[in-house]
2 protein chains.
Amino acid sequence: MDLRSANTPAADGTCGCAPLRQLATDGPPPGSGATAPCVACPASRHCLPAGLGDRDARCLGRLTIARRRVRKGHAIFRENEHFLFLYAVRFGIFKSTLTLDAGAEQITGFHLPGDVIGFDATPSGRHPTTARALEDAEVCVLPYGQLTDACAGQRDLLMRVLRLAGAELERDHRLLALIVHTHSEQRVAAFLVGLSDRLRERGFSPSDFLLRMTRAEIGSYLGTTLETVSRSLSAFARRGFITVHRREIHLVNIEALRAEFEAKDV
Amino acid sequence: MDLRSANTPAADGTCGCAPLRQLATDGPPPGSGATAPCVACPASRHCLPAGLGDRDARCLGRLTIARRRVRKGHAIFRENEHFLFLYAVRFGIFKSTLTLDAGAEQITGFHLPGDVIGFDATPSGRHPTTARALEDAEVCVLPYGQLTDACAGQRDLLMRVLRLAGAELERDHRLLALIVHTHSEQRVAAFLVGLSDRLRERGFSPSDFLLRMTRAEIGSYLGTTLETVSRSLSAFARRGFITVHRREIHLVNIEALRAEFEAKDV
DNA sequence: CGCGGCGTTGAACCCACTCAAGAGCTGTGG
DNA sequence: CCACAGCTCTTGAGTGGGTTCAACGCCGCG
């Protein structure tokens, strides 16, 4: 998923975003807010402000929302860190990971531009997962306290926030069902089709993209091993459904892939 | 998990709840509200009102919250139904299920008293899952629109609602990690210990309970088969960790069970 | 150039699934 | 009251998909 290729509004280095007026260091974001950070954001159509009326949008604009650059491999927050902010992805891809007692890492989700990360920290006040950039990326830093205050006045905004949390729940449930009820090759097919769908929704090419994650990361997410992911991709290529060259993916026959995991029994 | 046994406040047929003033038929709930339905509810300590200040609690009390009896095996809502209400469990156990394309049923969660069900319906306005009672049960019917209105005034209440949604997210992530990274026997151990913990939190006996779900349902939840669940339980019994007689479970050595799934490698 | 990370492919093993049979409990209807 | 049907649970045996272990090629980078 090379988010800077394909039919994006702008394919230059800034990813179509407005020039950064204020920039975050790697520490906590500065207090001064960027005014209306959403207007020029290519991800806004799938983010918090999507579909909000003027009043709610203005309300959102009053929050002190900072932007923060995140370099590839760096974390925006780590497990057990104090929860203060939600983060909206402007560009780049993130992974959420959970460290098990055994020390192994489980990927619980991949986050594309427009996704809001961090809802699972609301119960405990600490982040139960680590969010790490798979490529150079940028996020909006949403102060949770201010956001709930803002919601208090604006019902639509509140419902929008709840919807974002609910959407993640829904995705988790489907992922769970997928992992439990399908063979590993079907999961890889579902992963490719799901990714393609999400990219199309965001205005990227649904058939040509660059994976930003390793085979091991895909395997972790899908509950299988890197070898099995690799074998599955090779099998699809052999059958003519896709072409693969390292991270470059081209979906030749999406419908065949879709049929692959919708098949009743295999 | 016989929720009426053990150290519950009241062990009579009403489960310690206040007598039902108004009772639901199987259809949608009546509009007239029960005043302060929480005060006498044994689940309130782990439900929405937990930890709320007076003002927020009074605010919650102004909602028209109906109670609804649900007979064993009946659904409070079904997949694809219109989303109007969240449901708080007063007593009884529920399962949430997802029907896959293949027609198979995947259990995504078990809900104990105090849990609030239905957050995953917020994105689409329709319920993506079915919620079904595993025993005769009762829920509070929370009108979603009224609830968001109420939240708009009361920040603590809003945060409480978000916390409930976040908690479900967190549980899902842990379940996912569990299913992917452990052997089936470890999952069954984790299931027993997790259930025990949740029961203790709610004031029930953590070591003696009656499972309200079948082996097949446990298997669906844990991503394994009913035979494997049965074999695991037998194995634990053989090793002296538990005793089992059909649905009656007695945990003899909880620490041994806990060690079972915390083991680094097996 | 050489090293390290990533990806591919092969071979062997094993855990859990599938299939099957039987026992125990529950509810129902004659 | 008993017979029977249906469901749940247990246990056994065989099989296979996917994991593990291993070797090698490719690519980027210092």
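Order of the sequence lines sets the chain letters (A, B, ...), proteins ahead of strands, with each chain counted from 1.
- Here dT19(D) presents its P atom at 11 Å from CG of L222(A), a figure rounded to the nearest Å.
- At distances below 3.5 Å, not a single donor-acceptor pair connects side-chain atoms of R132(B) with backbone N or O atoms of K95(B).
- One interatomic measurement links the two molecules: CE of M213(A) to C1' of dC6(C), which rounds to 15 Å at whole-angstrom precision.
- Of the residues near DNA chain D, T182(A) and H245(A), the one whose nearest nucleotide (by heavy atom distance) lies more toward the 5' end is T182(A).
- No donor-acceptor distance shorter than 3.5 angstrom exists from the side chain of T97(B) to the backbone of E105(B), with no hydrogens or angles considered.
- Going from atom CD of E185(A) over to atom P of dT9(C) covers 13 Å, rounded to whole Å.
- Taking atom CD1 of residue I249(A) and atom C1' of nucleotide dT8(C), one finds them 14 Å apart after rounding to whole Å.
- Taking atom CZ of R215(B) as the reference point, atom P of dT8(D) lies 11 Å away to the nearest angstrom.
- Residues of residues 226-242 of chain A that place a heavy atom closer than 4.0 Å to DNA chain C, in numerical order, are L226(A), E227(A), S230(A), R231(A), S234(A).
- Computed from coordinates, the R187(A) CZ to dG17(D) P distance equals 14 Å when rounded to whole Å.
- Ring planes of F236(B) and F241(B): parallel class, angle under 30° (limits at 30 and 60°).
- Here dT8(D) presents its P atom at 14 Å from CG of L211(B), a figure rounded to the nearest Å.
- Residue R247(B) has no polar side-chain atom (N or O) positioned under 4.0 Å from OP1 or OP2 of dC25(C).
- Distance CD1 (I218(A)) to C1' (dT8(C)): 14 Å, rounded to an integer number of Å.
- Closest to the side chain of H183(B), from the set dC15(C), dT19(D), dC9(D), is dC15(C).
- The pair E255(B)-R258(B) meets the salt-bridge criterion, since a charged nitrogen lies less than 4.0 angstrom from a carboxylate oxygen.
- T225(B) has no side-chain polar atom (N or O) that falls below the 4.0 Å cut-off from OP1 or OP2 of dA16(C).
- For the residue pair E201(B) / H46(B), no side-chain donor-acceptor distance below 3.5 Å is found, with atom types taken as modelled.
- When each of G223(A) and A216(B) is assigned the nucleotide of DNA chain D with its nearest heavy atom, A216(B) is the one assigned upstream, toward the 5' end.
- The main-chain N or O of R198(A) is found under 3.5 Å from a side-chain atom of R202(A) such that the two form a donor-acceptor pair.
- Put simply, the side chain of S230(A) never gets that close to the backbone of L226(A): no donor and acceptor are under 3.5 Å apart.
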